[in-house]
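Report on the structure given below.
Numbering of ligands and ligand atoms starts at 1, following listing order.
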Amino acid sequence: MENIDWGNLSFGYMKTDCNVRSYFRDGQWSEPQVSTSEMIDLHMAATCLHYGQESFEGLKAFTGKDGKIRIFRMRENALRMQSSCRGIMMAELPVEIFEKCVVEAVKQNSRFVPPYGSGASLYIRPLLIGTSAQVGVKPANEYLFLVFVTPVGPYFKEGFKTTPVGIFREYDRAAPLGTGTYKVGGNYAASLIAGNKAHEKGYSAVLYLDAKEKKYVDECGPANFFGIKNNTYITPASTSILQSITNKSLMQLAKDMGMKVEQRQVPIEELATFEEAGMCGTAAVISPIQRVDDVNENKSYVFSKDGKAGEVSTKLYNKLKAIQCGDEPDVYGWVTLVE
Ligand SMILES: *Cc1c(COP(=O)(O)O)cnc(C)c1O
């Protein structure tokens with residue numbers, strides 16, 4: 001590939017050779033079609049524009065030492081997108097079409113998959129939108145599923161480091177019985193003000209509390225929260241959290257490492273007892289938390305005094321990354337090799 005500086009890529013959009021699309025019309029999904037256009041021809045009354053019929057996914061492909069391309073937990077993403085489809089009444093995309101489009105998009109753009117050891121990866125973005133015209137509030141009867149890819153740089157350019165996060169009690173991301181459990185754009189629109197405020201104040205993300213009682217730890221911006229204490233991995237159970245596939249993977253690896261795993265309500269005061277805390281998601285795998293500031297209450301919970309990540313977080317991080325690029329055996333069948 002001509003002159004991509006793999007080590008200095010950001011988490012942004014870079015044009016690649018093509019994307020892959022499938023259309024839902026007359027009750028049927030079309031065979032995947034390769035498109036070289038970055039544009040979508042869309043009706044101005046499409047439901048995705050007016051009523052938020054939109055869901056997306058995020059996953060990654062890596063090059064292994066053996067030169068083979070590996071996609072991480074693609075099937076989980078396909079199943080989660082089906083759940084999002086049910087959640088906002090979009091036509092449910094078959095797992096096979098999701099997987100076909102993802103594999104094809106990676107294959108067709110294989111020259112954009114960063115080399116082994118660069119720390120960079122190929123970010124895969126599946127998108128599903130309601131496309132047919134509707135003025136009354138009703139689900140569309142036509143949909144577009146598309147997958148584009150873009151190379152992204154290593155998340156931690158200056159090493160695996162902690163950052164502070166803030167609680168801003170005047171904002172909620174999602175309602176307890178709302179759409180928080182689905183990966184839909186509306187949740188992101190709802191989080192932009194709080195996220196922007198947090199960034200202005202020097203925080204890397206917002207730690208949301210449960211919207212109803214403001215007593216329990218919920219989602220951490222676009223990532224799941226976890227804490228470590230007494231050889232136990234603890235992550236919040238809630239009806240407004242999007243189940244992170246990274247979190248699910250870390251729970252398994254924590255068990256394999258002989259730790260206890262608890263998914264339950266986490267009262268805010270419990271933060272004071274955690275030895276380590278982190279956010280997890282596809283972008284960073286783990287982003288360790290330096291401290292949580294409960295901004296309105298003027299309280300802080302500190303997990304790292306020297307800015308370094310904790311021992312358990314580091315171990316989990318290295319283990320998951322090793323599986324993703326094939327340095328460690330894939331005992332759970334998480335990896336799809338692209339031939
Ligand atoms: C995508 C996402 C995550 C992380 O999920 P992964 O499957 O680990 O990438 C966490 N929270 C929200 C709100 C998300 O949209």
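- In this structure Y116 satisfies the side-chain hydrogen bond (donor to acceptor under 3.5 Å, both in side chains) test together with D327, sequence neighbours excluded.
- The list of salt bridge (Lys or Arg N to Asp or Glu O under 4.0 Å) pairs with a residue in residues 268-281, not counting sequence neighbours, reads K229-E270, R264-E270.
- Side chains of E38 and Y13: a donor-acceptor N/O pair is present below 3.5 angstrom, by distance only.
- Side-chain N/O atoms of S240 and S238 include a donor and acceptor closer than 3.5 Å.
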Sequence neighbours left out, cut at 3.5 Å: what donor-acceptor pairs do the side chains of residues 163-170 make with other protein atoms?
from	atom 1	to	atom 2	distance (Å)
T163	OG1	S204	OG	2.8
R169	NE	D294	OD1	2.9
R169	NE	D294	OD2	3.4
R169	NH2	D294	OD2	2.7
E170	OE2	K197	NZ	2.8

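- Sorted by chain and number, the heavy-atom contacts of ligand 1 below 4.0 Å come from R80, R173, K183, Y188, E219, P222, A223, N224, L242, S244, I245, T246, G281, T282.
- Look at R111 and D17 and you find a salt bridge, because one of the NZ, NE, NH1 or NH2 atoms lies within 4.0 Å of a carboxylate O, short of that distance.
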